[in-house]
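Heads up: the structure comes next, in structure tokens.
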Amino acid sequence: MSIHSPLETGQDQSFITGYLDALALVERLHRLLLDVIKDEFERVGMLEINAVQALLLFNIGDNEVTAGELKTRGYYQGSNVSYNLKKLVDMGFMHHQRCEIDRRSVRVKLTPKGREVRAVVSNLFERHAEGLQSKGVLGHEGIDDITVALRRVERYWTDQIRYIY
């Protein structure tokens, strides 16, 4: 009896190739998203903030959060979240305040200046959504299909982290 790896069959090899292509595309899309945000901020003359920081402000929105919550809510995955939060506070985009219950923890929220940045990103995303639809690039059904598929992958990866290691 011979034991075969799943990659030895043509169909499985085709799936792994597609999976690797999808992973590379997700990675490229994320970098491209940051470039698109950077270009928008250059266009409007807001040069003191980078794309990662702008996206962080967009994701925080009207919430008041801790650095830990940013990671658990999926708003931020980088190891330098504390660095970016400190920079955003120093530049006046965020307020920070020690938690009353846990004095070690700091809660942050957007200042009016931070809300301006959020509005720029929000307007950019709204224009893109409108353009994708009006040019026939993607409709409701297409975006729903992409979102469902990506959520399934997210759930699978999350389970791998939680239960395998």
Side-chain angles (χ1 to χ4, degrees), residues 6-7 10-63 65-89 91 93-94 108-110 113-165:
L7 298 180
Q11 189 174 18
D12 291 332
Q13 186 59 48
S14 144
F15 183 82
I16 189 78
T17 300
Y19 177 62
L20 294 174
D21 286 346
L23 292 177
L25 181 58
V26 167
E27 187 179 0
R28 281 195 316 273
L29 284 172
H30 177 67
R31 285 194 306 267
L32 190 55
L33 172 64
L34 294 176
D35 286 343
V36 166
I37 293 170
K38 176 182 159 284
D39 287 351
E40 180 70 2
F41 278 85
E42 287 174 358
R43 189 183 69 72
V44 299
M46 295 178 89
L47 305 177
E48 63 184 318
I49 189 165
N50 68 40
V52 170
Q53 293 165 339
L55 194 54
L56 182 58
L57 293 173
F58 173 80
N59 286 323
I60 291 171
D62 293 329
N63 298 313
V65 296
T66 66
E69 288 170 337
L70 289 173
K71 285 185 169 184
T72 58
R73 291 182 187 187
Y75 292 163
Y76 198 87
Q77 296 298 320
S79 60
N80 58 353
V81 65
S82 296
Y83 169 81
N84 277 316
L85 288 178
K86 182 179 180 341
K87 291 286 287 184
L88 290 166
V89 168
M91 292 186 296
F93 292 104
M94 299 181 91
V108 294
K109 66 180 181 179
L110 304 189
K113 188 176 175 184
R115 286 192 295 276
E116 286 178 33
V117 168
R118 185 179 194 284
V120 170
V121 176
S122 182
N123 290 335
L124 172 67
F125 290 167
E126 286 174 24
R127 283 196 325 270
H128 286 176
E130 184 181 307
L132 286 168
Q133 284 187 292
S134 69
K135 292 183 179 10
V137 175
L138 203 55
H140 285 283
E141 188 176 310
I143 198 70
D144 290 345
D145 290 347
I146 290 169
T147 303
V148 166
L150 289 173
R151 283 208 173 107
R152 286 180 181 162
V153 172
E154 178 186 39
R155 209 170 311 123
Y156 177 78
W157 286 352
T158 300
D159 289 348
Q160 295 303 298
I161 293 167
R162 286 188 184 142
Y163 304 116
I164 299 296
Y165 301 106

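Here the structure is a predicted model, which is why all the values come from computation and not from measurement. Positions are given from 1 along the sequence.
One finds the CZ atom of Arg115 at 8.0 Å from the NZ atom of Lys109 (value rounded to the nearest 0.5 Å). A distance of 12.5 Å separates CG in Leu32 from CD in Glu27, rounded to the nearest 0.5 Å. To the nearest 0.5 angstrom, Lys38 atom NZ is 14.0 Å from Ile49 atom CD1.
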Self-check item: Residue pair Arg127, Glu40: steps toward the side chain to side chain contact (heavy atoms under 4.5 Å, CB included) verdict
Solution: CA-CA 12 Å; Arg127 283 196 325 270; Glu40 180 70 2; 3.0 Å; yes
Practice problem: Would you check, one step at a time, whether the test side chain to side chain contact (heavy atoms under 4.5 Å, CB included) holds for Asp62 with Leu110? | Solution: CA-CA 7 Å; Asp62 293 329; Leu110 304 189; 5.9 Å; no
Quiz prompt | Derivation of the salt bridge (charged side-chain N to carboxylate O under 4.0 Å, His left out) call for Lys113 and Glu116 | solution = CA-CA 5 Å; Lys113 188 176 175 184; Glu116 286 178 33; over 6 Å; no
Quiz prompt | side chain to side chain contact (heavy atoms under 4.5 Å, CB included) evaluation trace for Leu70 with Asn59 | solution = CA-CA 9 Å; Leu70 289 173; Asn59 286 323; over 6 Å; no
Practice problem: Dump the intermediate steps for side chain to side chain contact (heavy atoms under 4.5 Å, CB included) on Leu20 and Leu23, then the final yes or no. | Solution: CA-CA 5 Å; Leu20 294 174; Leu23 292 177; 4.2 Å; yes
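Under the 3.5 Å distance criterion, the side-chain polar atoms of Asn63 are left unmatched by any main-chain donor or acceptor of Val65. In this structure a side-chain-to-backbone donor-acceptor pair under 3.5 Å is present from Glu69 to Thr66.
The environment of Asp21 atom CG is dense: over 12 non-hydrogen atoms of other residues, nucleotides or ligands sit within 6.0 angstrom. Within 6.0 Å of NE2 on His128 lie more than 12 heavy atoms contributed by other residues, nucleotides or ligands.
Residues Glu42 and Leu47 have side chains in contact (heavy-atom distance under 4.5 Å, counting atoms from C-beta outward). Residues Phe93 and Val117 meet the side-chain proximity criterion, which asks for heavy atoms closer than 4.5 Å. Inter-residue side-chain proximity for Val121 and Phe41 is flagged as met; some heavy-atom pair is nearer than 4.5 Å. Counting heavy atoms from C-beta on, the side chains of Arg151 and Thr147 come closer than 4.5 Å. The side-chain heavy atoms of Leu34 and Asn50, taken from C-beta on, include no pair separated by under 4.5 Å. Looking at Leu56 and Ile60, their side chains come closer than 4.5 Å, going by heavy atoms from C-beta outward. For the pair Val108 and Leu88, the minimum side-chain heavy-atom distance is 4.5 Å or more. Looking only at side-chain heavy atoms (C-beta outward), Ile146 and Leu138 come within less than 4.5 Å of each other.
Residues that satisfy the ring-ring contact (aromatic ring centres under 6.0 Å, His included) test with Tyr19, not counting sequence neighbours, are absent from this structure.
Between Glu48 and Lys87 no salt bridge is recorded (no basic side-chain N to carboxylate O distance below 4.0 Å). Salt bridge absent: Glu130 and Lys135 never bring a charged side-chain N and a carboxylate O closer than 4.0 Å.
Between Ala54 and Ile37, the closest heavy-atom pair is CB-CG2, 4.0 Å. Contact record, Arg118 with Gly61: NE-CA, 2.9 Å, taken as the closest heavy-atom pair.
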